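Written below as structure tokens is the structure these notes are about.
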Amino acid sequence: MEVVGKVSFSKTHPSLKGKRWVLATPLNLAALAEKEEPKADQLVVIDELGSQRGDVIAVSEGGEAAFPYYPNYKPVDAYAACLIERIDLDDDEVDRLLAQQ
């Protein structure tokens, strides 16, 4: 996912007070290879990594998004699990995979 902005809430669940939130867009193979713009809907993600606009992050979604807070319950649906520094793609392999779609 690519971070495209920050999110602010006027009210939040008490257990999430002071947490940082970002808006992120899922990236498919074509978007990762910079062959097209991302097309997926954006998600609000809790971010404790300090990601910035343009950073690529890996996200845990659903029930697994709350695992970093276990055993304390936090109502989280998407959690920034890591910052991705580099993605190496083979152009020929990307073209082959995209042609199969």
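None of these values were measured; they are calculated from a predicted model. Values below: every heavy atom of this structure, side chains too, minus hydrogens, waters and symmetry copies.
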Does the side chain of [Y] come within less than 4.5 Å of [X]'s, by heavy atoms?
| X | Y | result |
| --- | --- | --- |
| Trp21 | Leu16 | yes |
| Glu61 | Glu64 | no |
| Ile57 | Tyr79 | no |
| Val3 | Leu23 | no |
| Asp55 | Glu2 | no |
| Pro75 | Ser15 | yes |

Of all heavy-atom pairs between [X] and [Y], which one has the smallest distance, and what is that distance?
| X | Y | value |
| --- | --- | --- |
| Leu49 | Leu83 | CD1-N, 3.8 Å |
| Arg53 | Gly5 | NH2-CA, 4.0 Å |
| Ser51 | Arg20 | O-NH2, 2.9 Å |
| Pro38 | Pro26 | CB-O, 3.9 Å |

Tested for side chain to side chain donor-acceptor pair (under 3.5 Å) against Lys35, the lone hit among Asn28, Asp91, Asp95 is Asp95

To the nearest 0.5 Å, what is the distance between CG (Asp77) and CD1 (Ile46)? 10.5 Å

Between Glu48 and Lys19, is the closest basic N to carboxylate O distance under 4.0 Å? yes

Please determine whether a side-chain nitrogen of the Lys or Arg among Lys6 and Asp47 lies less than 4.0 Å from a carboxylate oxygen of the Asp or Glu. no

Quick one: which of Val22, Leu43, Thr25 gives a side-chain contact (heavy atoms from CB on, under 4.5 Å) with Met1? Leu43

Taking Leu32 as the fixed residue, which of Val94, Ile84, Leu27 is the one that meets the side-chain contact (heavy atoms from CB on, under 4.5 Å) rule? Leu27

Quick check on the hydrophobic clustering: are Val56 and Val44 connected, directly or via other members, by side-chain heavy-atom contacts under 4.5 Å? no

Give a yes or no on this: more than 12 heavy atoms of other residues, nucleotides or ligands lie within 6.0 Å of atom CG of Asp90. yes

